Amino acid sequence: MNILPREFYQKDTVIVAKKLLGKKLVRKIGNQEISGIITETEAYRHNDDPASHAFRKITDRNKVMFGDVGISYVYFTYGMHYCFNVVAKKSKVPAGAVLIRSIKPDKGIKKIQGNRNLKDLKNLTNGPAKLTQALRITKEHYGMDLTKKSEIYITEGNKIKKIIESPRIGIKNGKEFLWNFKVMD
DNA sequence: TCCGGGATTGACT
DNA sequence: GTCAATCCCGGAC
């Protein structure tokens with residue numbers, strides 16, 4: 001499968017969030033590959049989006065959101081969880097990223113079950129902090145180039161039938177934007 | 001400096 | 001349905 005090129009991410013964050021559905025997230029640990037098909041995403045933009053980490057200004061945490069597209073943005077939250085994003089925005093916009101909320105296990109399911117200490121396929125990777133645990137993604141993967149074949153990258157994948165648009169999960173402000181995207185089962 | 005709360009999860013009632 | 005876990009960030013002071 002071909003890795004998605006830099007240009008893929010150089011579009012409006014909302015467009016990229018939709019286009020990432022069905023693509024394949026690959027994690028290489030040593031010489032073993034584990035992967036999942038992206039099934040849910042959310043778009044977080046710049047100063048037009050009060051729910052975005054990049055709403056106010058550039059900081060130490062959010063600085064990659066203001067940099068090159070196709071780069072990973074991993075942040076730590078609730079004292080115990082990591083969430084995984086990809087920087088995406090059109091060239092005129094200063095910041096933006098797509099949160100990967102859910103994947104369907106693809107390759108290395110046994111390894112994923114081990115990482116999660118759980119067997120149940122349904123609950124293995126169906127949440128933003130579940131999939132980072134499943135793929136062993138941590139703050140060490142902050143700022144990685146996802147367009148290169150290294151520890152983490154994203155490739156082409158399946159065609160999507162239909163996209164369901166909803167308000168984003170777990171936010172206070174910006175609920176009016178339908179920027180949560182899911183594939184229909 | 002300090003302190004409130006978070007793009008969540010899983011265990012328990 | 002309710003709630004604790006747990007630590008880092010960022011805005012306020």
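By convention in this document, chain letters (A, B, ...) are assigned in the order of the sequence lines, proteins followed by strands, and residues within each chain are numbered from 1. Given the structure is predicted, the values throughout are model-derived calculations rather than measurements.
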*For dG6(B), which nucleotide in any strand shown is its Watson-Crick or wobble partner with both distances under 3.5 Å?*
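WC or wobble partner is dC7(C).
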
*What does dT1(B) pair with, Watson-Crick or G-U, if both distances are under 3.5 Å?*
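dT1(B) is paired, partner dA12(C).
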
Just the rounded figure in Å: distance from [atom2] of [N] to [atom1] of [X].
X: Asn126(A); N: dT8(B); atom1: CG; atom2: P; answer: 13 Å
X: Ile100(A); N: dT8(B); atom1: CD1; atom2: C1'; answer: 17 Å
X: Leu124(A); N: dG10(B); atom1: CG; atom2: P; answer: 10 Å
X: Asn123(A); N: dT8(B); atom1: CG; atom2: P; answer: 16 Å
X: Met65(A); N: dA7(B); atom1: CE; atom2: P; answer: 11 Å
X: Phe76(A); N: dA7(B); atom1: CZ; atom2: P; answer: 13 Å
X: Lys130(A); N: dT8(B); atom1: NZ; atom2: P; answer: 12 Å
X: Leu131(A); N: dA7(B); atom1: CG; atom2: P; answer: 16 Å

*If each of Tyr73(A) and Met80(A) is mapped to the nucleotide of DNA chain C with the nearest heavy atom, which maps nearer the 5' terminus, i.e. the 5' end?*
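It is Met80(A) whose nearest nucleotide is closer to the 5' end.
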
*His81(A) or Arg61(A): which one's nearest nucleotide on DNA chain C is closer to the 5' end?*
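Of the two residues, His81(A) wins.
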
Name the nucleic acid region contacted by [X], choosing base, sugar-phosphate or nothing; use a 4.0 angstrom heavy-atom cut-off, strictly under.
X: Ile171(A); value: sugar-phosphate
X: Asn85(A); value: base
X: Ala51(A); value: base

*Is there a donor N/O on one and an acceptor N/O on the other, under 3.5 Å, for the side chain of Tyr75(A) and the base of dA7(B)?*
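For Tyr75(A), whose side chain was compared with the base of dA7(B), there is a donor-acceptor pair (under 3.5 Å).
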
*For the residue pair His81(A) and Tyr78(A), does the interplanar ring angle fall in the parallel (under 30°), tilted (30 to 60°) or perpendicular (over 60°) class?*
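If you compare the ring of His81(A) with that of Tyr78(A), the planes turn out perpendicular.
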
*In whole angstrom, give me the gap between the C1' atoms of dG5(B) and dC3(C).*
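Each nucleotide's C1' atom is 16 Å from the other's.
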
Are side-chain N/O atoms of [X] and [Y] paired as donor and acceptor at under 3.5 Å?
X: Lys122(A); Y: Asn126(A); answer: no
X: Gln133(A); Y: Asn115(A); answer: no
X: His141(A); Y: Tyr82(A); answer: no

Does [N] have its OP1 or OP2 closer than 4.0 Å to a side-chain nitrogen or oxygen of [X]?
X: Arg116(A); N: dG10(B); result: yes
X: His53(A); N: dC9(C); result: no
X: Thr77(A); N: dT8(B); result: no
X: Arg101(A); N: dT8(B); result: yes
X: Lys139(A); N: dC8(C); result: no

*Check whether NZ of the Lys or CZ of the Arg Arg168(A) lies under 6.0 Å from the centre of the six-membered ring of Tyr44(A) and within 45 degrees of that ring's axis.*
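Verdict for Tyr44(A): a cation-pi partner in Arg168(A).
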
*Where the side chain of Lys57(A) is concerned, which of dT9(B), dG11(C), dA7(B) is the nearest nucleotide?*
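Closest nucleotide to the Lys57(A) side chain: dG11(C).
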
*With centres under 5.5 Å and planes under 30°, do Tyr44(A) and dA7(B) count as stacked?*
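Check passed, Tyr44(A) stacks on base of dA7(B).
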
*Go through the steps for Lys28(A) and Glu33(A) under the test salt bridge (Lys or Arg N to Asp or Glu O under 4.0 Å), then give the verdict.*
CA-CA 5 Å; Lys28(A) 220 170 87 185; Glu33(A) 274 184 7; 5.5 Å; no

